[in-house]
Amino acid sequence: MRIGGVVLAVAHTLATGTMKSSPGVSMHWFRKGLRLRDNPALLQSLELGKGGEVFPLYIIDADCYQLLHCNALRANFLVECLADLNKSLRERGSRLYVASGDPVEVLPELWTKFGITHMTHEGDETGEPYAKERDAKVRTLAKEKGVDVRVFNSETLFPLGSGYVSKVGNDVQKVPGTMSSFQALFGKMGQVPDDKPAPEADAFPSDQDHSKYDGEMLPPKSPMDLPWPRNVPKKEATPLWGPEDCKNLTPIVRGGESEALTVLRQTTKRPAFVASFEKPKTSCTSTSGASTTVLSPYMSMGCLSPRTMWHALTEASERAPASVPKSKPPVSLHGQLLWRDFNNLIAHATNQRNPGTWGLMEGNHYCRQIPWGDDDEKLLAWKKGETGYPWIDACMAQLRTEGWIHHLGRHAVACFLTRGDLWQSWEKGQLHFEEELLDADYALNGFNWLWLSCSGFFYQYFRCYSPVVFQKKNDKNGDYIRKWLPQLKKLPEKYIYEPWKAPASVLKDAGITLGKDYPEPIVDHAKVSKQNMEKMSFAYDLHKEKQAELAKTAKKSSGTKRKGDTPKKSSGKKKKAT
DNA sequence: ATGACGTTGGAGCG
DNA sequence: CGCTCCAACGTCAT
């Protein structure tokens, strides 16, 4: 397929080479990549439309990843991104055209309406099923209509297919499965490509008359202008957006490329911070501003190119005094970008092996099969932040309110939902994060849920986060809890992480009735976490047996299968193989 | 075969 | 604070 793609691109180049006579009318289709800076596809569109016309387009599509599972905060973030994009384009004498509907229907209409000869867009290399199918259909339609489509890949430091996979011999089975081997591969990739400056006004066609379309195809003004997510009921316990949800939104950051570049500048103004950054040492309980950069929402929308960020970090790091200890990947800030590429590469490889299985347990090459429970009450309690564990509930409150929590907070709540306490499927946690996180990302969200649930990449299931202990070392007084769960504000330090242990008089003084103002803990962590470890052990054994069987049948392709084998272990205690 | 290692565990000890 | 141990992991290098 990659080969086919290359052939196609060559054919297109030849075609355009022969019909260069009349000026082109090009369209740049923004999907992700909501930015002007370091946007090679946009630059190509400007090149193709030189002396002709260029139409920057965004299509509001309720089924795309940006909107399919999406709460009001995320919807609002998208609206802000589009407004900023429009503003930047207008400053350059252009504008953003916004359509709504299924791109497969919308695009051909617009091609006709505007007389489009060329279209450019950012590719989606992860193999996300909806995007893959949509783009394939668009490609076919474009061929029929004679529109020359060119695809660019700049959402990762290096392209996934033509970059990393090509480097391992075009064999997705050979892509690195650990961060250290990914770093080794990254080391062989050479210099990270330069980021390209945003096009200036003179790069846009000077005599294009946009006034013909004044008042048409305007960007949405509020989340209410966006279509409701199609596949989910409007009113459920999960916070899907409605008019009330759109009032008083308090996202941790505001959307748009301009904001992204401002936040990046603020980061690079602190060279020592950049140079010495170590992710595990950052605090997940800071109550005034985050201890990390909070650039992730911009990365997920493509307001900021990873290459731009990479080079900005390098430059800032070099300005740090020599006395500052330099951190390194995987914990450094550069390391965070490596993780991002690694996760994208794994998503890509997974979908190449078994299409559409990234984000799922079944069929996912990298995912252990684990018999998760199915308890809607527990799931709901987790989502609403009513587990009775203040640290967990505070995190879920911040998520709901700001659309963001620190990475380590995500670890704690993800562990709690899955292998740690509630024994619910990571797929459900993944969906909730997709709905509520401003930085929701198909590849990263999936990868981290595999990791935290010990379904893939991380396997030390006996290392379990305690919903009580974990944060005490950073935030003894529980300020973070007091901020996000104000009903617990008056509890003394001694009981802020464990209100159920407080004597009746203490609870009374703090104005709390457990079960009314704040829930009793829904599980006994000490007990269930041990039980869950046994379940994990059992599931791992089963996995090993299946692997052994597969290896056997692969060896002598017609061997007899052993049936009904189950791990020989009933009571937690495991015997070492003799 | 064996041991070191893996972005961020907890409890108990000194 | 730093150290060790904890029933329990898999991967990679040697």
Side-chain angles (χ1 to χ4, degrees), chain A residues 173-186 276-286 291-292 296 326-343 346 365-368 370 391-392 395 405-416 418-421 444 447-448 450-476 497-498 525-548 551 567-578:
Chain A
Q173 303 208 13
K174 290 199 185 126
V175 306
T178 65
M179 183 57 175
S180 28
S181 44
F182 175 76
Q183 282 178 241
L185 171 60
F186 187 82
S276 63
F277 183 95
E278 289 184 42
K279 187 66 166 272
K281 289 189 182 164
T282 58
S283 163
C284 51
T285 43
S286 59
S291 62
T292 51
S296 54
K326 302 275 195 294
S327 58
K328 283 200 169 80
V331 296
S332 64
L333 275 176
H334 283 105
Q336 305 311 303
L337 287 172
L338 293 188
W339 278 104
R340 187 174 169 279
D341 270 31
F342 176 42
N343 290 186
I346 291 288
H365 171 76
Y366 292 98
C367 184
R368 291 276 199 282
I370 294 166
W391 154 242
I392 300 296
C395 284
I405 29 180
H406 184 280
H407 191 59
L408 289 179
R410 301 182 195 194
H411 275 216
V413 300
C415 181
F416 190 87
T418 57
R419 68 183 168 92
D421 296 81
L444 277 59
F447 185 94
N448 284 303
L450 287 190
W451 184 287
L452 264 306
S453 64
C454 282
S455 299
F457 308 103
F458 178 80
Y459 307 96
Q460 291 161 273
Y461 55 76
F462 42 89
R463 288 195 178 174
C464 180
Y465 289 96
S466 160
V468 170
V469 175
F470 184 61
Q471 272 321 301
K472 276 191 180 171
K473 55 182 178 286
N474 289 338
D475 182 16
K476 193 152 177 291
Y497 284 89
E498 304 166 278
H525 172 74
K527 213 159 83 187
V528 296
S529 62
K530 289 291 169 211
Q531 288 169 356
N532 289 348
M533 284 178 201
E534 288 183 19
K535 292 185 195 166
M536 288 302 284
S537 170
F538 195 83
Y540 273 36
D541 283 350
L542 211 60
H543 172 82
K544 257 183 280 185
E545 295 206 3
K546 275 193 184 144
Q547 291 298 108
K568 300 157 191 62
K569 177 170 63 78
S570 48
S571 74
K573 283 271 192 256
K574 181 149 63 173
K575 250 191 303 182
K576 277 275 173 203
T578 45

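Please read these numbers as outputs of a predicted model, since none were measured by experiment.
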Notebook entry, point to check: Given the side-chain rings of A:Trp451 and A:Phe458, with only the six-membered ring counted for Trp, is the space between their centroids under 6.0 Å?
Noted result: yes

Notebook entry, point to check: Rounded to whole angstrom units, what separation is found between the OH atom of A:Tyr465 and the P atom of B:dG10?
Noted result: 8 Å

Margin query: Let's test your reading of the pairing rules: Watson-Crick or G-U wobble, both distances under 3.5 Å, then write DNA chain B as a dot-bracket string with ( ), [ ], | and dots.
Written below: ||||||..||||||

Next item on the list: Check the geometry between A:Tyr461 and C:dC9 and answer yes if their rings are stacked (centres below 5.5 Å, planes below 30°), otherwise no.
Entry: no

Next item on the list: Look at all strands and tell whether A:Arg410 reaches a base, only sugar-phosphate, or nothing, counting heavy atoms closer than 4.0 Å.
Entry: nothing

Next item on the list: Counting heavy atoms from C-beta on, name the nucleotide in B:dT8, C:dC9, C:dG10 closest to the side chain of A:Lys279.
Entry: B:dT8

Notebook entry, point to check: What nucleic acid atoms does A:Val469 come within less than 4.0 Å of, heavy atoms only: base, sugar-phosphate, or nothing?
Noted result: sugar-phosphate

Next item on the list: Would you kindly give the CH2-to-P distance between A:Trp391 and B:dG9, to the nearest whole Å?
Entry: 14 Å

Next item on the list: Take atom P in B:dA1 and the same atom in C:dA7, then report the distance between them in whole Å.
Entry: 27 Å

Item checked: d(CG, A:Leu338; C1', B:dT7) in whole Å -> 11 Å

Margin query: B:dG9, OP1 or OP2 - any side-chain N/O from A:Lys473 closer than 4.0 Å?
Written below: no

Notebook entry, point to check: Taking the six-membered ring where the residue is Trp, are the ring centres of A:Phe447 and A:Phe342 under 6.0 Å apart?
Noted result: yes

Check: Which value, in whole Å, describes the distance between the C1' atoms of nucleotides C:dT4 and B:dT7?
Finding: 22 Å

Next item on the list: Return the value, rounded to whole Å, for the distance between atom OH of A:Tyr540 and atom P of C:dG10.
Entry: 7 Å

Check: Just checking A:Met179: base, sugar-phosphate only, or nothing, at a heavy-atom cut-off of under 4.0 Å?
Finding: sugar-phosphate

Item checked: Protein-nucleotide distance (A:Leu542, atom CG; C:dA8, atom P), rounded to Å -> 20 Å

